[in-house]
Number of protein chains: 2
Amino acid sequence: MRKSNQHPDIPAPGTGKRGEEGYLGYLLRQAAGAYRHRVERSLADLGVTPPQFATLTMVAAYPGLSNADIARLAMLTPQTVSVIVANLERSGSLVRKPHAIHGRILQLELSESGQALLKTCRGRVHAIEKELTEGLSPEEERTVRRWLVSVATAGGADKD
Amino acid sequence: MRKSNQHPDIPAPGTGKRGEEGYLGYLLRQAAGAYRHRVERSLADLGVTPPQFATLTMVAAYPGLSNADIARLAMLTPQTVSVIVANLERSGSLVRKPHAIHGRILQLELSESGQALLKTCRGRVHAIEKELTEGLSPEEERTVRRWLVSVATAGGADKD
DNA sequence: AACAATATATAAGAGCTCTGATATTATGCG
DNA sequence: CGCATAATATCAGAGCTCTTATATATTGTT
C-alpha cells in the first residue's frame, strides 16, 4: 500500500482551516502541541518530560518551594503537581524536606544529580527556544509575547 | 489562615519570567494551558472535552473520516485518537461504519445527538475565540497567526 | 500465487491533567 | 481556649497523550 487510504478533500497542514485562516484557539492548540512534541523528543533519552523540566527549573530558581507554590506558579492543580514531583523524587532529582516552622509543608530542593540533569536539559531546550523566534522581527516578537501573556492572564488567571 | 504560606520572592503572573520577558516556549505553554482551561470549563457541563470537541468538528467538516485520518489532521497518534473516539462512541455522539471497499477502515459520522451537541459547543467556544482577538489590531493578529502556523509546521510537522 | 511492505485498528503501560473527597496543620476570632 | 476557616498534602477516578507491541487487511512485487 504505497499511499494511505486517506479521506478525500482533507487539507494539508498549514492550509485552509489548518492554516492562518483557522480559529486562533485551534492554531494555539496546534502550535503548543507541536512545541511540546519537540521538547518531549529532545528530552526523551534523559527520561525527563516537559512538565518535569518546568518543575526542575522553578525549584532551581526558588529553592524551598512547596508543592502548592509550584501549583500556583505553573497554574496547575496541587494534585497534578503532586504526580510530577513524586516522579522526580522517585528518580532522585528532587528532595523534600519538612518546613522548619510549618509542619505540614514539604520544601523542595534539587539533588546534585538533579542539578546536573537540569543543566543538560537546559542546553537542549534553549536550542529549540531559539527556533521559535526565527523569522520574527523584534517588533513582531514583542507583539507575540504580549499576546501570549494576555491570553495566559485573561479571565482572572484562575487564582493567585 | 488568611494568607498562603507562599514562598517569598515568587513573581506574580504576568511579571518577570512569567511575563513578556520569559521564554517564548514557557509563555506558549502557559497561554495554551489557560485557553484549554477556559474551553474545558465552558464545556464541562456538557460532558465534552476540548479534544472531543475538536474531533466532533473534524467529523462534521469531513464525514467519513477514519481514526487514522483524524490522527493526521490533529497531529496526534492513532492510539490517542482511538481513546477519544471510543469515548465519543460510548456517549452516542459518533457512529462507526465499516468502509464499503476497505474492510479494515471504520468511517465516522455524527449521530443526531452528536450534531445537536456540537452545535451547542460551538456557540460557547466561539465566544471564547472572540476574546482571543480582543486588543489585537488586524495587523497584529496576522503576525500572531503567521507565527502560530510557523511553530505548528516547523521541524517537519511530524508526518503527513 | 506468495511474499513483503504499508495501513488500519487495538491493547498495555506510563505520565500529565482534571474533579471530587479526605486528613492534617496553621491561623483568626469569639 | 475552642471552633471555624483556610492551606497543605494525598487518594481515587476519569480523560488525554505518548511509546511499544500485536493483529488484520490491502497493495505491490516477484
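Note that the coordinates shown come from a computational prediction; the quantities given were computed from them, not determined experimentally. Just so we're on the same page: letters track the sequence lines, and every chain starts at 1.
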Open item on the list: Is there, by distance only and without an angle test, a donor paired with an acceptor across the side chain of Gln79(A) and the base of dG20(C) below 3.5 Å?
Closed with: yes
- [ ] Would you please confirm or rule out a distance under 4.0 Å between OP1 or OP2 of dC16(C) and any side-chain N or O of Asn87(A)?
- [x] yes
TODO: Look at the side chain of Leu106(A) and decide which nucleotide, out of dC16(C), dA9(D), dT17(D), has an atom nearest to it.
DONE: dA9(D)
Open item on the list: Between C1' on dT17(C) and CD1 on Ile84(B), what's the gap in Å once rounded to a whole number?
Closed with: 14 Å
Task: Upstream residue (5' side of DNA chain D) when Ser66(A) and Arg29(A) are each assigned their closest nucleotide - done: Ser66(A)
TODO: Using atom NE2 of His37(A) as one end and atom C1' of dG15(C) as the other, report the distance to the nearest whole Å.
DONE: 15 Å
TODO: Measure the distance from CG on Leu76(A) to P on dC16(C) and round it to the nearest whole Å.
DONE: 11 Å
TODO: Give the rounded distance in Å between these two atoms: CG of Asn67(A) and P of dT17(C).
DONE: 13 Å
Open item on the list: Looking at Glu109(B) and Arg96(B), is any side-chain nitrogen of the basic one under 4.0 Å from a carboxylate oxygen of the acidic one?
Closed with: no
Task: Nearest-Å distance for atom pair CG/P, residues Leu88(A) and dA14(C) - done: 17 Å
TODO: Please state how far atom CZ in Arg41(A) lies from atom P in dG15(C), giving the value in whole angstrom units.
DONE: 19 Å
- [ ] Could you please name the option among dC16(D), dC16(C), dT10(D) that lies closest to any side-chain atom of Val83(B)?
- [x] dC16(D)
Task: Met58(A) to Leu65(A) - nearest heavy-atom pair and separation - done: O-CD1, 3.6 Å
Open item on the list: Taking the nucleotide of DNA chain D with the nearest heavy atom to each, does Ser82(A) or Arg90(B) sit closer to the 5' end?
Closed with: Ser82(A)
Task: Atom pair distance, as rounded to whole Å: CG in Leu94(A) and P in dA9(D) - done: 13 Å
Open item on the list: Between Ser66(A) (side chain only) and Leu108(A) (backbone N and O only), is there a donor and an acceptor less than 3.5 Å apart?
Closed with: no
Open item on the list: If you compare every side-chain N and O of Arg96(B) against the phosphate oxygens of dT10(C) (OP1, OP2), does one of them come in below 4.0 Å?
Closed with: yes
Open item on the list: If I take atom CD in residue Gln30(B) and atom C1' in nucleotide dC16(C), what distance separates them, rounded to the nearest angstrom?
Closed with: 17 Å
- [ ] For Trp147(B) and Leu132(A), work out which heavy atoms get closest and say how close.
- [x] NE1-O, 2.9 Å
- [ ] Run the salt-bridge test on Glu134(A) and Lys130(A) with the 4.0 Å N-O cut-off and return the result as yes or no.
- [x] no
Open item on the list: At 4.0 Å (heavy atoms only), tell me whether Thr80(B) reaches a base, stays on the sugar-phosphate, or touches nothing.
Closed with: base
- [ ] May I ask you to verify if any side-chain N or O of Arg72(A) is less than 4.0 angstrom from the OP1 or OP2 atom of dT8(D)?
- [x] yes
Open item on the list: With a cut-off of less than 4.0 Å, is there a side-chain N or O of Thr77(B) near OP1 or OP2 of dT17(D)?
Closed with: no
